[in-house]
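Note on naming: letters A, B, ... go to the chains in the order of the sequence lines (proteins, then strands), and numbering restarts at 1 for each one.
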Protein chains: 2
Amino acid sequence: MAGNNKTPTMLDVARLANVSSMTVSRAFKRDASVGKETRERILKAADELGYVLDSTAANLSSRKTGFVAVTIPSINNANFADTLRGMSQRLRGSGLEILLGYTDYSVDEEERLIEQFLRRRPEAIVVTGGTHTDRCRKLLEHSGVPVVETWDLPAKPIGHVVGFSNAEAAKLMVDHFVERGYTRLGFIGGDTSRDTRGLDRRRGFLEAVKARGLDSSRLIASGPPPITMREGAASMREMIARWPDTQAVMCVSDLSAFGALTECQRKGIRVPEDIAIGGFGAYDLAEHAVPAITTIDASAKAIGTHAADTVLSLLSNPESTDVRMVTRITPKIIARQTT
Amino acid sequence: MAGNNKTPTMLDVARLANVSSMTVSRAFKRDASVGKETRERILKAADELGYVLDSTAANLSSRKTGFVAVTIPSINNANFADTLRGMSQRLRGSGLEILLGYTDYSVDEEERLIEQFLRRRPEAIVVTGGTHTDRCRKLLEHSGVPVVETWDLPAKPIGHVVGFSNAEAAKLMVDHFVERGYTRLGFIGGDTSRDTRGLDRRRGFLEAVKARGLDSSRLIASGPPPITMREGAASMREMIARWPDTQAVMCVSDLSAFGALTECQRKGIRVPEDIAIGGFGAYDLAEHAVPAITTIDASAKAIGTHAADTVLSLLSNPESTDVRMVTRITPKIIARQTT
DNA sequence: TTGAAAGCGTTACCAA
DNA sequence: TTGGTAACGCTTTCAA
């Protein structure tokens with residue numbers, strides 16, 4: 001019946017089922033030792049009262065919240081969404097839930113978020129990237145729970161890592177372009193310190209281009225993240241205006257690469273005949289676009305499953321407090337635009 | 001120093017700062033009445049000990065968790081991501097945090113999720129859609145907190161609503177097509193009961209087509225959600241094969257519309273000269289694609305901000321327990337492909 | 001398999 | 001502005 005003026009507690013259930021509240025508590029656990037008949041009676045009583053376990057109290061008592069705090073830069077990003085999907089798929093059934101926050105590509109926002117999350121006493125923390133404010137680092141280091149940094153290979157990791165070198169990954173694209181015979185290469189995006197992964201890709205591109213003695217000046221800034229199709233298109237416009245003889249362009253992500261592609265299409269520039277375009281992230285979009293866009297697959301979803309595995313492994317081996325787990329992903333190029 | 005073997009509590013801070021734990025508690029609230037100097041001393045002490053407030057205990061004591069439980073069908077969907085963004089932007093600074101779960105377009109999964117979430121004692125619940133299992137409805141009705149259904153206009157809402165009629169929205173596209181002079185119209189997707197919003201769009205399309213006496217047989221099923229570019233492309237292939245003289249096709253979402261577009265491009269079919277394509281959702285993708293895709297804007301982000309406003313309004317007026325707030329969004333067509 | 005008692009770390013409430 | 005005390009609803013621990 002509706003109209004109860006108070007949410008029932010275990011004690012209410014216990015009284016109705018003629019047991020102690022302790023037995024009710026046990027009845028709500030899978031493995032607990034409760035008489036079959038007793039349990040049924042209890043669950044029936046609970047149902048009758050509309051009782052719902054209060055994990056807020058359970059958390060306090062058991063000092064376990066079942067939370068894994070996760071921060072990602074942006075929710076509107078297929079790559080991070082994939083990582084998240086991988087993580088929550090792997091976490092399903094483990095009793096762990098994700099407490100999600102997004103930083104909007106800001107380390108200050110990340111600090112604020114982590115500080116908030118820490119109050120909730122998560123059992124593990126998964127963050128994106130290896131760059132944080134000093135205070136945030138300190139908070140994470142002293143959190144007392146496993147910390148996993150993802151999507152990067154930090155020089156001085158806080159705890160555990162599931163990631164790859166964005167600089168190395170970008171070099172794959174330069175290799176690919178050079179193999180195709182392109183020598184005048186440009187890069188779009190990755191110009192702001194807010195997106196350290198983008199910055200690393202740009203750096204990797206530059207290093208590879210310089211190592212081959214090619215022109216390393218063809219860089220277009222796209223401004224602060226998130227870099228969308230719009231910025232990709234605008235940057236391509238600028239690229240063509242400034243260096244009309246550019247043969248191939250790498251974009252910081254598939255989203256901007258698609259924007260760049262559409263800009264070419266509007267201008268009647270043929271891709272890849274007049275100019276080839278590469279992106280990053282292996283978005284569906286890159287596969288389906290006509291022409292398809294060459295890209296680099298960093299296994300976004302696998303990053304999530306590995307991060308989850310790391311957490312699960314660490315939490316089930318509470319002894320291993322001085323272990324550092326590093327899972328290194330190997331990005332692969334997906335060559336398209338085969339003229 | 002690292003090496004504390006126990007996380008400090010308020011009492012530890014209190015002792016160090018020479019106050020009662022009650023005063024420490026106050027010092028951690030914005031508005032509380034604490035002497036300026038006292039507060040500083042307390043915060044300094046807290047910092048020294050590396051104290052972090054335990055909201056797990058605070059939640060239990062105050063019976064407030066600061067959680068808003070939110071369920072969306074999929075995380076990899078720009079529309080729901082936008083709604084989420086709108087919601088969290090509006091919630092920022094309110095002291096409310098989002099507890100996010102995704103249902104994978106399954107009402108059973110939704111039920112499981114809601115049941116889990118209810119244990120965490122959220123202060124409000126925001127769900128996507130108006131279709132739920134019976135048990136889930138019951139759980140929500142008895143939750144004792146505001147419930148907001150979004151992205152739909154349920155006939156019998158559980159509590160509050162921020163949404164629109166998907167069927168009405170789809171009719172806008174039929175109107176648009178007919179105005180353009182198209183009479184042989186097709187629809188792609190929306191064929192599965194798992195995506196009730198898609199189903200509604202398809203229904204709206206059919207009703208509008210029939211009302212005008214047009215051929216209402218040109219329907220292609222895309223299978224269970226999420227409907228991606230791939231399904232859009234495959235469906236378009238089938239549409240063309242079965243009804244080669246189709247003049248315009250509406251797709252259940254912009255994602256599948258883009259897939260359909262690329263299929264045409266690969267086949268050398270001109271869009272919109274040979275066949276026009278419309279989508280749903282006002283994705284960036286629809287705007288940037290070449291040619292751009294006609295779409296329907298349901299103000300995904302505004303749904304989020306309104307849902308947040310609804311929650312905030314309800315929580316700040318605890319008296320208004322018998323109020324029902326319904327915010328009706330008016331979808332608008334964004335006409336493109338102007339030949 | 002079941003129960004009793006003692007917290008878990010905070011805030012509500014009342015008093016000073 | 002500050003402090004004391006009693007919850008908050010559960011689980012841990014120990015006993016039966």
* **Residue closer to the 5' end of DNA chain D, A:Leu11 versus B:Arg39 (nearest nucleotide)** => B:Arg39
* Would you say C:dG3 has OP1 or OP2 under 4.0 Å from some side-chain N or O of A:Thr23? -> yes
* Asked: With distance as the sole criterion, do the side chain of A:Arg121 and the base of C:dG9 form a donor-acceptor contact below 3.5 Å?
  -> no
* Asked: When we call it a touch if two heavy atoms are under 4.0 Å apart, what does A:Phe28 touch: a base, just sugar-phosphate, or nothing?
  -> nothing
* So with a 6.0 Å cut-off around CG of A:Asp134, is the heavy-atom count from everything else above 12? -> no
* To do: Specify the separation, in whole Å, of atom CZ of B:Arg26 and atom P of C:dT10.
  => 15 Å
* Asked: Between C:dT1 atom P and A:Arg41 atom CZ, what is the distance in whole Å?
  -> 14 Å
* Geometric cation-pi criterion A:Arg119 and B:Phe28, 6.0 Å radius, 45° cone -> no
* To do: Return the value, rounded to whole Å, for the distance between atom CG of B:Asn18 and atom C1' of D:dT1.
  => 16 Å
* Is there a side-chain contact between A:Phe80 and A:Thr128 (heavy atoms, below 4.5 Å)? -> yes
* To do: Send over the distance from A:Met10 CE to D:dT12 C1', rounded to a whole Å.
  => 13 Å
* Structure fact -> Closest non-hydrogen atoms of A:Gly130 and A:Glu149, given as atom of the first, atom of the second and distance, are CA-OE2, 3.3 Å
* Asked: Does the distance from a Lys or Arg side-chain N to an Asp or Glu carboxylate O, for B:Arg85 and B:Asp82, drop under 4.0 Å?
  -> yes
* Would you kindly give the CZ-to-P distance between B:Arg119 and D:dC8, to the nearest whole Å? => 21 Å
* Minimum side-chain heavy-atom gap A:Lys6-A:Asp12 below 4.5 Å -> no
* Structure fact -> Closest to the side chain of B:Met22, out of D:dG3, D:dG9, C:dT2, is D:dG3
* What nucleic acid atoms does A:Lys29 come within less than 4.0 Å of, heavy atoms only: base, sugar-phosphate, or nothing? -> sugar-phosphate
* Of all the nucleotides listed (C:dG3, D:dG3, C:dT10), which has the minimum atom distance to the side chain of B:Thr9? -> C:dT10
* Asked: Which is true for B:Thr38 with a 4.0 Å heavy-atom rule: it touches a base, it touches only sugar-phosphate, or it touches nothing?
  -> sugar-phosphate
* Structure fact -> Here the distance between atom P of C:dT1 and atom CD of A:Glu40, to the nearest Å, is 14 Å
* Asked: So, B:Thr65 side chain and B:Arg121 main chain: donor-acceptor pair closer than 3.5 Å or not?
  -> yes
* To do: Could you identify which residues of residues 52-65 of chain A place a heavy atom less than 4.0 Å from some atom of DNA chain C, listed by residue number, or say none?
  => A:Leu60, A:Ser61, A:Arg63
* Would you mind reading off the distance between A:Arg120 atom CZ and C:dC8 atom C1', rounded to a whole angstrom? => 17 Å
